[in-house]
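Encoded as structure tokens, the structure appears first; notes follow it.
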Amino acid sequence: MQTIRRVSDLRPALAAYRAAGEDIALVPTMGALHAGHMALVAEARLAAKRVVASIFVNPRQFGANEDLGRYPRREMADARMLSDAGVDLLWLPAVEEVYPEGFATNLSVSGVSDGLDGAMRPGHFDGVATVVAKLFNQVRPDIALFGEKDFQQLAVIRRMATDLDFGIDIRGVPTQRDDDGLALSSRNIYLDDEDRVRAVALPRALGVAAAAIEKGGDVADALATARDSLTAAGFEVDYVELVDAETLGEPRPDRSRRLLAAARIGGTRLIDNVAVNEHG
Ligand code: PAF
């Protein structure tokens, strides 16, 4: 695996793949890799001849009171995992390489970015859209893969890639979960043992609510029950919402729907989501 830190070195490395007629799949990450990321790499390997992974902890997507400073950084271990998984090129730029002095552009994807996490974390999805657009322009992949765990992020990136004619096939990969159902996340390491046990209430509450809605149960009741069970487990709930799976707006029974939640336990904010299939 080649590790590249400068755009000026990235260009010729990628040009060599293209000259050989090889297509490229990109797996963008912020490092602290776990089995969820490795599932993206595995899909990428099936999808394209060459796999590029990026590690960049993007300051623009962290709010002033968020965890940028303590976000886990494990460059060596991450590089080993990517290399063992068959990644061809690791794109590992420094902050100054991505945001040189004078950088003044901000991408904002309205609609899909507005509710849910967008409402709780102002500017977060602008930061995501801006950095992902940069990564797309730097790497110019044929395919890019993102986890469904960050479902709103995936919707924002799909919208952005369509609106800006990137011509990149954006693929969502199902959430990877621990044995008890907790969605894998780089932030799970912040949970102490007790909170880790209680955290399973999040996927459980979503599963119960999704099943009730699929059976034709009242949506407001199902959401209220989910909120109550999270509170009973020790969570502070940011939101539990049923939305249209594409627009993230008002859900309609004739279109795909998604149930999303964000909740905090012991100072750690967790998010999760599940599909809600048609009932009847
Ligand atoms: O999901 C992530 O790890 C990040 O939000 C991404 C897509 C790499 C952009 O910084």
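None of these values were measured; they are calculated from a predicted model. Residue indices begin at 1 and follow the sequence shown. In listed order, ligands and their atoms are each counted from 1.
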Against heavy atoms of Val131, which atoms of ligand 1 measure under 4.0 Å?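 Those of ligand 1 that fall under 4.0 Å from Val131 are 9 (C), 10 (O).
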Identify, by atom number and element, the atoms of ligand 1 in contact range of Thr29, meaning under 4.0 Å from any of its heavy atoms.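 Reading through ligand 1 atom by atom, the close ones are 8 (C).
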Looking at residues at least two apart in the chain, or sitting in another chain, which of them share a ring pair (Phe, Tyr, Trp, His ring centres under 6.0 Å) with Phe103?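 Only Tyr99 meet the ring pair (Phe, Tyr, Trp, His ring centres under 6.0 Å) criterion with Phe103.
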For the residue pair Ile168 and Ala144, what are the closest heavy atoms and their distance?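 Heavy atoms of Ile168 and Ala144 come nearest at CG2-N, 3.7 Å.
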If you take all heavy atoms of Ala263 and Phe235, which pair is closest and at what distance?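 Residues Ala263 and Phe235, closest heavy atoms: CB-CD2, 3.4 Å.
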Would you mind checking which non-hydrogen protein atom is closest to atom 10 (O) of ligand 1, with the distance to 0.1 Å?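 Here the nearest protein heavy atom works out to Gln61 OE1, 2.6 Å.
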What part of Ile157, side chain from CB on, backbone N/CA/C/O, both or neither, has a heavy atom under 4.0 Å from ligand 1?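 It is neither; nothing of Ile157 touches ligand 1.
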Given Lys134, Met30, Gln153, which has its nearest heavy atom closest to atom 1 (O) of ligand 1?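 Among Lys134, Met30, Gln153, the closest heavy atom to atom 1 (O) of ligand 1 comes from Gln153.
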Nearest candidate to atom 8 (C) of ligand 1, where distance is taken over non-hydrogen atoms, out of Ser185, Pro28, Ser54, Ala129: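 Nearest option to atom 8 (C) of ligand 1, by heavy atoms: Pro28.
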Under 4.0 Å between a Lys/Arg side-chain N and an Asp/Glu carboxylate O for Glu43 and Arg171?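 Looking at Glu43 and Arg171, the cut-off is not met.
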Is a salt bridge present between Asp244 and Arg257, judged by a nitrogen-to-oxygen distance below 4.0 Å?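 Looking at Asp244 and Arg257, the cut-off is not met.
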